[in-house]
Amino acid sequence: MVNPNLPSAQLAALSLEESQPAPHRLDLRLLPENLLAAVQALVTARWGYLSAIIGLDDGEATLEVLYVFCDGPEVLTLRLPTPRNNAQVPTLTSIIPSAVLFERELREMFGVQVQGLAAQGPLFLADDWPPEVFPLLKDAALPGRLEGTA
Amino acid sequence: MQNLILNALEKAKTWARLNSPWVLHYNSGSCNGCDIELLATITPRYDVERFGVKLAGSPRHADVLIATGPVTRQSRDRLLRIYQQMPEPRYVMALGACALGGGVFHNCYNTLGGIDAFLPVDVYVPGCPPRPEAIINGVVLLLQKLKGEAVPHGEPQPA
Ligand code: SF4
């Protein structure tokens with residue numbers, strides 16, 4: 001890693017598994033209960049910034065939520081597995097307030113419950129979007145097309 | 001007598017429209033590529049204002065609706081409302097692959113299709129995005145249509 005501030009020992013203690021999918025990249029698998037400690041360690045060490053929060057649906061019983069942190073050329077991904085039928089992650093907004101946009105997107109697109117997120121209601125989907133339909137899940141029952149007037 | 005006056009008035013209106021079609025631009029879900037090309041068409045470099053083509057500030061003053069992008073679920077009602085506010089006769093030009101049939105957004109969860117799924121389209125301008133020359137060609141085709149001339153479909157055939 002180019003930035004020597006990475007709190008490697010702390011992260012290793014919190015993660016289940018570590019892999020390097022490519023040069024300059026590090027993937028850590030964590031349990032949801034260790035997420036906040038890991039993010040706090042990164043913020044305290046001033047390593048990188050939160051670049052994205054991504055939902056990942058492989059069509060299996062477990063979804064993954066990816067927290068991507070970047071620092072120069074380096075990309076650190078915290079991967080949280082969570083069960084599809086009861087997907088839950090804690091909110092990062094107590095540490096990184098601007099994560100609210102990513103978390104609302106995660107909630108609307110994947111139906112992942114973000115515990116502790118103050119913001120309510122839809123933000124991205126259309127006003128008449130049916131509730132409880134999460135368009136980026138592989139098995140989403142998308143609403144039919146509207147009738148034209150042409 | 002009354003008919004004569006009305007006919008003359010109608011002719012005058014068509015003449016005015018042909019020489020100065022005012023357009024309204026609406027983006028119902030475009031990636032902005034088409035919008036940038038349309039703006040380039042209006043700049044002095046291409047200068048369509050010399051043909052009297054000019055952006056209208058309100059749908060109530062517009063003759064032609066230039067629609068870019070697919071119709072998204074959220075913008076469908078706005079598109080229809082704008083169209084309904086335009087005075088008759090009104091014309092629609094669909095600009096770009098997305099406006100023609102959804103383009104790269106085809107079958108996306110929040111799009112409903114091209115412009116012609118909701119509005120009667122008079123001219124289709126393909127391209128992703130179409131170049132200003134293609135847009136000007138589209139306007140010329142539309143004017144031919146307004147004049148009642150035959151409009152070629154597809155590629156012009158070699159003579
Ligand atoms: S046709 Fe191409 S440039 Fe135009 S809105 Fe679609 S993707 Fe963008």
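Please read all numbers here as calculations on a predicted model, not as lab measurements. Residue numbering restarts at 1 for every chain, and letters A, B, ... go by the order of the sequence lines.
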| Listed partners of A:R29 passing salt bridge (Lys or Arg N to Asp or Glu O under 4.0 Å), at least two apart | A:E17, A:E64
| query | Same hydrophobic cluster for B:Y26 and B:W22, using side-chain heavy-atom links shorter than 4.5 Å among ILVMFWY? | reply | no
| remark: Interatomic distance, CG@A:D127 vs CG@B:D77, rounded to 0.5 Å, equals 9.5 Å
| note | What one should report as the nearest heavy-atom pair of A:W129 and B:Y109 is CZ3-O, 3.6 Å
| message | Is it the case that atom CZ in B:R45 sees more than 12 heavy atoms from other parts of the structure closer than 6.0 Å? | response | no
| message | So does A:L125 get a backbone contact from the side chain of B:Q74, meaning a donor-acceptor N/O pair under 3.5 Å? | response | no
| message | Can you list the residues of residues 77-100 of chain A that sit under 4.5 Å from chain B, counting heavy atoms only? | response | none
| field | Co-membership, hydrophobic cluster, residues A:V65 and A:L123, 4.5 Å side-chain | value | yes
| said: Quick check: is B:M93 connected to B:I36 through a chain of hydrophobic side chains (ILVMFWY, heavy atoms under 4.5 Å apart)? | reply: no
| said: If hydrophobic clusters are built from ILVMFWY residues whose side chains come within less than 4.5 Å, do A:I53 and A:L101 share one? | reply: yes
| query | Are B:L100 and B:F105 co-members of a hydrophobic cluster defined by side-chain heavy atoms under 4.5 Å apart? | reply | no
